[in-house]
Amino acid sequence: MVTLGARDVPGLRRFYRALGWAELPGGDDGRVGFLLAGVLLVLRPAAGTDGAAGGAMLTCTVTGPRQVDSACVAAVAAGATVLAEPADHPEGGRSACVADPEGNRWEIAWAPLARWRTEGGQAPPAAPAAPAPAEPHRAGAELLHDHGASDEVVAAQLVAAGGNGPGWAVETLLCAARTARREGRPEQAVDFLRRALAEPLPPARRGGVLTELGSLEVTLGPADRALGVRHLAESVRLEQSDVSVFKAANALGTALAARGQTSVALEVMEELAERFTGHPELAWAVQVAAALIASHDGHSWLETVDRLRRLAATTPARPAPAVRVLLAEFDSTSGRLSAAEAAAVAREVTVEPLDPFSRTYVLASAATLAQWADELALADRLVTEGLTGHRGPLVDPGYQSLLSVHAESLVMRGRYRELLEACHGWGVLVGPPARPAPSGVGNAHLVAQAVIALTETGRAAEARRLADSVVVDGSHGSWEWNEFLYARGLLSLAEGDPAGALDDLSECGRGQSARQVTSPVVTPWRSAAADCQLLLGRPAAAVALATEELAAARRWGTPRCVGRALRALGTATGGRAGLATVEQAVALLRTAGTDPELIAALAAHGRLLVAAGHLTAARGALREAARHAERIGAGRWCAVVAALLAAAGARRATASQTGAHALTGSERRICALAAQGHSNPEIAALLHLALRTVETHLTNSFRKLGVRRRTELAGRLAAEPAVPDR
C-alpha cells in the first residue's frame, strides 16, 4: 500500500480519476483509494498546508500478527533500520516501521479489519488509527479475482475484509491455504483457513476445514496447539462421512497423545470403533490407529497389542494386513522374530490389496520391518509409495512413521547431509544454528536423527543446542522419546562425557525394557553403554552389556546388528581375544552396506592393533576408516581416526578436496542430472530440493571437478568415476 499525503485531496482525486484508475467504493474527499494491479494507492490529507508532513508512506500489509515480526526481521537482515519496533495497537492490529538504506519509510502492518494509517510518513504512534471500512478490501478482492490474480493475493484481501465474501471466497481461501502449507508457510495457511470458517459452510464442508485447520494448528505454538485440539474435537462432533470423521478423530487422538493425554486419545478412538462396528475395514483401521497412538505410552502400548492379539485370535477371517504387520513389529522388537521372518511379513502384506483407510499404516509398518531387516531398497520404495499417496492430515501417525523410517534409513547409510536437508523441509531444523521448530506432533524421533547427523558431521555444538531445546511435552515413555535418549547419549559420548551418556543410555534401556523391547535393532543402547563403561574404567560391566547385546543381535541375524555387537564386545574385551572379535566384526560389516558401523569397527580394529604393536596393520585399517569417513562427510570420525593414525606413527596426508571422489552423494546425484541436460529447476523438482540448494551444490561441484560449464560434466565424471554410495 502506498499512502500519499496530499495538500489537495479532491484535486489529486480528480487527477487519478482522469487517468482512468479504478476508485474503490467508500472513499471521499477526505480519504480515497485506488487499486492498481494489487497495489493500493491511498490519498489522505497532509498534516499541514505546507506539506511538511506529507510525502509518501509505503506500507506492506501482511496476513497475520506473526508476519509483522518476521517481515521486520527480514528487512533488518537485508539492511533496513528500525524506526518503530513491532507493537500491538489498542484498537487491534500490529505494526512496525523500518527505513531502507536511503531513508524511505516502510510500514509493516496487520489489522483484523482494513485500516489506513495516517502517520504522514512518521513511525506508527501509540494512538489508534482510524479504521477504514472493510468494503475496499472486499471490492479489491473481487477486482483481483476478476483480473486473474493468484489465490493467495486474493485471499489476503479477503482476510483483511473479514465477514462473508463472494460465493467463490471459500474455494479461493482453501486453495491459498494449501499453497501456503505446501510452500512451508503454515501460519499463513492457518490465517486463510480461519477466515474460511467465517463463510457459511454445510456441516460436512465445515468439518473438513476444521480438520485441516486443527491439524496445522497443533504443529504450531502452545496457544495454537490448544485451539487446534478444540477445532479437531469440533470436527469429530459434526455430521460427516465415516471417512471424514475417521481422519478428524485420528488427528485429534495423535494431538492429544503428543500432549501427554494418551488415555483421553484412546477414549476418542474407542468411541470411534463403536461407530464403525458395521464397517470392518474402518473398524480395523481404527484399531491400528489406536495402537500407533498408544505407542506414546508404554503401558497403553502393551495393552493395545494384547487386545489386537485377542481380536486376531477370535476373528474367523484372517487378520487385516495392518494388524499382522503391526504385531510383527512388536514381535521383532521383543526378539520373537528374526530379520528374515520380519522381511517376509513386510513383503507379504504389501502385495495384498490395501484398503484406503489403513494403507498408510501398513506401508509405514512394512517399511519399518524392511529397514530393520536391512532391506533398504524395499523400505525406500514403501516410504515413497506411502508419502506420495498420503491424503490425510500431516499429524497422522502413519505419515509421521513414514518420515521416521526415511530419516533413520538415511542415518543408517551415513547420508547425513541429505538427512539434514530433509529436516529443514520437515521443520525439524530452522535456520542456522539448528533449533527445533514448534511441533505439536511430538515426533522426537526426527529430532533424534537430526542430533545424530549433526554429531557425526562434527557439528556437536549445534547438536547440543538442538537436544537441549527439546521439551518432553507428553512424549515421555513413547518409542520416540527412547530414540531421543539414545541420540542424546551418543552426543554426550562424542563430547567426552561418558557418565552423562551412560545416564541417558541406561534410561533408554529402562524405557525399552518397559515396552518389552529387547532387540538391538531399534536402539542399540547396550553397545554404546558398553563403550561408556569401558571409558569409566569398568571393563567387566562393558563386557556384560556387549555380551547381552550380541546374543540378541544373533537372534535377529543381520550383519549390521551382529557386527556392531561384535565390535563393542571386542573393544570391551581387549587383548588377543578382543582383536580377533573385532576382526570378525570388520569382515561382517563389510557385507552390511552401512558405512557408519564399518567405520567404527575399523577404528576399533586400528586401536587394538596399535595396542598390540602391529603399527603397519593398524595404519592400513585406519586409512580405510578415514576414506569411508571422508566420503560420507563423517567429520567426527575423521577427527578420531586422524588422532589414531598419529598414535600409529603415520603422518596422514591431507585429504584431496578435488576430483569426482571428493563429491558428496547429493553433489554426485545433482551433477549426473545436470550432465543429462536437466535445468536447475528440473533437478530441484526431481530431487525434492530447494532451488538454492541445487545451485549451491553445483557451485561446489564445479570447483571440485575443475569445470566451468555444464557441458564438461559428463566427460569429467566419466574420466574419474566416483566410489558409489552404499
Side-chain angles (χ1 to χ4, degrees), residues 1-7 9 12 24 27 30-36 38-134 136-137 140 152-153 156-157 159-162 185 187-188 190-191 194-195 220-221 223-224 430-431 438:
M1 183 164 67
V2 179
T3 304
L4 298 180
R7 291 186 293 270
V9 173
L12 204 51
L24 294 178
R31 181 191 303 266
V32 66
F34 297 86
L35 191 62
L36 314 172
V39 176
L40 183 62
L41 173 66
V42 179
L43 308 181
R44 49 100 183 111
T49 56
D50 59 357
M57 163 67 87
L58 306 174
T59 301
C60 171
T61 59
V62 293
T63 58
R66 305 180 194 90
Q67 281 74 34
V68 172
D69 299 72
S70 58
C72 187
V73 169
V76 171
T81 301
V82 176
L83 301 179
E85 295 286 350
D88 292 325
H89 297 289
E91 79 283 5
R94 185 172 179 82
S95 69
C97 191
V98 300
D100 70 15
E102 293 198 0
N104 300 301
R105 295 174 294 276
W106 280 88
E107 181 189 32
I108 303 166
W110 167 81
L113 294 176
R115 299 180 187 279
W116 296 351
R117 314 224 18 115
T118 58
E119 289 75 42
Q122 304 303 311
H137 280 281
E152 288 186 273
V153 170
Q157 293 290 327
V159 170
R185 300 190 303 278
E187 293 173 342
Q188 189 176 48
V190 164
D191 290 336
R194 287 174 178 169
R195 172 62 183 79
L220 302 179
D224 293 289
V430 181

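No hydrogens, no waters, no symmetry mates; every other heavy atom, side chains included, goes into these values. Note that the coordinates shown come from a computational prediction; the quantities given were computed from them, not determined experimentally.
Scanning all heavy atoms of the two residues, the minimum distance from Val9 to Pro45 falls at CG2-N, 3.6 Å. Nearest heavy-atom pair, Thr59 versus Ala109, reported as atom, atom and distance to 0.1 Å: CG2-CB, 4.2 Å. Smallest separation of non-hydrogen atoms from Ala96 and Cys72: CB-SG, 4.3 Å.
Arg44 CZ to Leu12 CG: the interatomic distance, rounded to the nearest 0.5 Å, is 11.0 Å. Leu4 CG to Leu58 CG: the interatomic distance, rounded to the nearest 0.5 Å, is 9.0 Å.
Side-chain contact between Arg195 and Asp191 is absent, with no heavy atoms from C-beta onward closer than 4.5 Å. Put simply, the side chain of Leu83 does not reach to within 4.5 Å of the side chain of Trp106, judged on heavy atoms.
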